[in-house]
Asker: 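This structure is in structure tokens; I'll ask about it shortly.
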Amino acid sequence: MKRLIQINTDFWTEDRSLTALLLYLVLNIFVLLPFSSEGVWELVVSDVAFTLILISGVFAVSPRYSVKVLMVISAIGAFALRWLVLVQPTMLLRIADLASTIFFLILLALIVMRQVFKEGFITPYRITGAVAVYMLIGLAFADVYQLIFLLRENAFAFSAGLAEREVFFSRFLYFSFVTLTTLGYGDITPLHPAAKSLVMLQGILGMLFPAIMITRLVGLEIESRKARSKT
């Protein structure tokens, strides 16, 4: 057991873990989530896999023991909520499930950013980690939009009805990344003031994050080259 824990820690403290995370996010966002129906096993496997990866990374990378304990407790609660929602999808359970997912996504993004922007040489792995953070932002906003829709069904207007077996989250996932990249096709329109504010916030993040990310990575690379030239 100790050997497995050490292997996990070694993996998540290395830059190559960021590439593994990005590959999983690409698979999850562009394949598993859009083509899964609510309540089917594909979606369950996707959620369980994502939670395991998240807890593994947080437990290995987080410097504080209190954060590790908090994440373990939160993970147990998230697992329970997800299965309870599948068995009995009440409004309260669905809200709690989405809130816990949003918390995990935000925490994971912060931890990955800590890995990406730490001092040292800029490697291709750290660039892929920055892209992973960008995708985590889109994924988190998709859950936030779905949460708003659960609370206020008229918060969004859809240009067409739902297709057979389509779930609302797949539409909000699409809407989130369309907003993040500032494409704005107009087939989904925010109506509630809270939804409009979040859409504006995400649009700003979508423009500013790549610029800040590039500036920071270039700055780190310049600093690392200066340090190498002095040695």
Side-chain angles (χ1 to χ4, degrees), residues 21-22 24-51 53-54 78 81-86 89-109 131-210:
L21 176 62
L22 177 60
Y24 173 78
L25 286 173
V26 169
L27 177 64
N28 199 40
I29 292 172
F30 297 106
V31 179
L32 294 179
L33 290 177
F35 296 100
S36 295
S37 299
E38 189 172 6
V40 300
W41 285 104
E42 293 92 332
L43 192 56
V44 174
V45 171
S46 173
D47 290 335
V48 171
F50 180 81
T51 304
I53 289 176
L54 172 59
L81 285 171
R82 183 51 48 90
W83 286 103
L84 285 174
V85 167
L86 291 175
T90 63
M91 177 65 71
L92 182 61
L93 287 176
R94 294 178 69 182
I95 291 174
D97 178 39
L98 284 171
S100 64
T101 302
I102 294 168
F103 170 78
F104 280 139
L105 290 170
I106 293 174
L107 185 56
L108 180 57
V131 177
V133 173
Y134 193 71
M135 290 191 172
L136 285 170
I137 293 174
L139 199 56
F141 270 94
D143 283 306
V144 173
Y145 293 143
Q146 188 180 19
L147 179 59
I148 293 176
F149 181 78
L150 285 177
L151 297 174
R152 293 290 180 90
E153 290 188 0
N154 60 348
F156 295 89
F158 302 90
S159 60
L162 284 173
E164 185 180 359
R165 296 178 62 82
E166 185 181 1
V167 293
F168 276 108
F169 181 71
S170 64
R171 283 203 168 188
F172 287 125
L173 183 67
Y174 154 80
F175 175 68
S176 177
F177 279 94
V178 167
T179 303
L180 188 65
T181 54
T182 65
L183 290 175
Y185 290 122
D187 49 348
I188 301 177
T189 305
L191 301 179
H192 193 273
K196 291 180 178 180
S197 296
L198 286 170
V199 167
M200 289 189 293
L201 175 61
Q202 188 180 16
I204 293 173
L205 286 175
M207 292 186 294
L208 292 182
F209 181 80

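Keep in mind it's a predicted model, so treat the numbers as computed, not measured.
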Asker: Please find the pair of heavy atoms, one from Q202 and one from L180, that lie closest to each other, and give the distance.
Answerer: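 Scanning both residues, the minimum pair turns out to be NE2-CB, 3.7 Å.
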Asker: Report the residues that fulfil side-chain contact (heavy atoms from CB on, under 4.5 Å) with T181, sequence neighbours left out, ordered by chain and then residue number.
Answerer: Y134, L183
Asker: List in chain and number order the residues that pass side-chain contact (heavy atoms from CB on, under 4.5 Å) with A155, two or more places apart in sequence or in another chain; answer none if no residue qualifies.
Answerer: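 I148, R152, H192.
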Asker: Using a 4.5 Å cut-off on heavy atoms from C-beta on, say whether the side chain of L191 contacts that of F156.
Answerer: no
Asker: If you round to the nearest 0.5 Å, how far is CG of L147 from OG1 of T101?
Answerer: 10.0 Å
Asker: Pairs in or reaching into residues 95-105: which pass salt bridge (charged side-chain N to carboxylate O under 4.0 Å, His left out), with residues at least two apart or in two chains?
Answerer: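 Those involving residues 95-105 are R82-D97.
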Asker: Nearest heavy-atom pair of A142 and S176: which atoms, and what distance?
Answerer: N-OG, 3.6 Å
Asker: Sequence neighbours excluded, which residues qualify as side-chain contact (heavy atoms from CB on, under 4.5 Å) partners of L84?
Answerer: L93
Asker: Considering residues at least two apart in sequence or located in another chain, which fulfil the side-chain contact (heavy atoms from CB on, under 4.5 Å) criterion with V199?
Answerer: Y145, F175, T179, P190
Asker: Are the side chains of F172 and V144 in contact, using a 4.5 Å heavy-atom criterion?
Answerer: no
Asker: Find out whether R94 and T90 are in side-chain contact, i.e. whether some heavy atom of one side chain is under 4.5 Å from a heavy atom of the other.
Answerer: no
Asker: Which heavy-atom pair separates L150 from M91 by the least distance, and what is that distance?
Answerer: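 Residues L150 and M91, closest heavy atoms: O-CE, 3.4 Å.
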Asker: I need the F103 CZ to D143 CG distance, nearest 0.5 Å.
Answerer: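 The CZ atom of F103 sits 14.0 Å away from the CG atom of D143.
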Asker: How about L198 and F141: do any of their side-chain heavy atoms sit closer than 4.5 Å?
Answerer: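 When only atoms from C-beta onward are counted, F141 and L198 do touch, with a gap below 4.5 Å.
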Asker: Out of curiosity, I95 CD1 to S100 OG, how far, rounded to the nearest 0.5 Å?
Answerer: 12.0 Å
Asker: Just jot down the ring-ring contact (aromatic ring centres under 6.0 Å, His included) partners of Y174, sequence neighbours excluded, or say none.
Answerer: none
Asker: Going from CG on L139 to CG on L173, what distance comes out if it is rounded to the nearest 0.5 angstrom?
Answerer: 6.5 Å
Asker: OG1/T182 to CD1/I204 distance, rounded to the nearest 0.5 angstrom?
Answerer: 12.0 Å
Asker: Looking at side-chain heavy atoms only, is the closest gap between F30 and M135 below 4.5 Å?
Answerer: yes
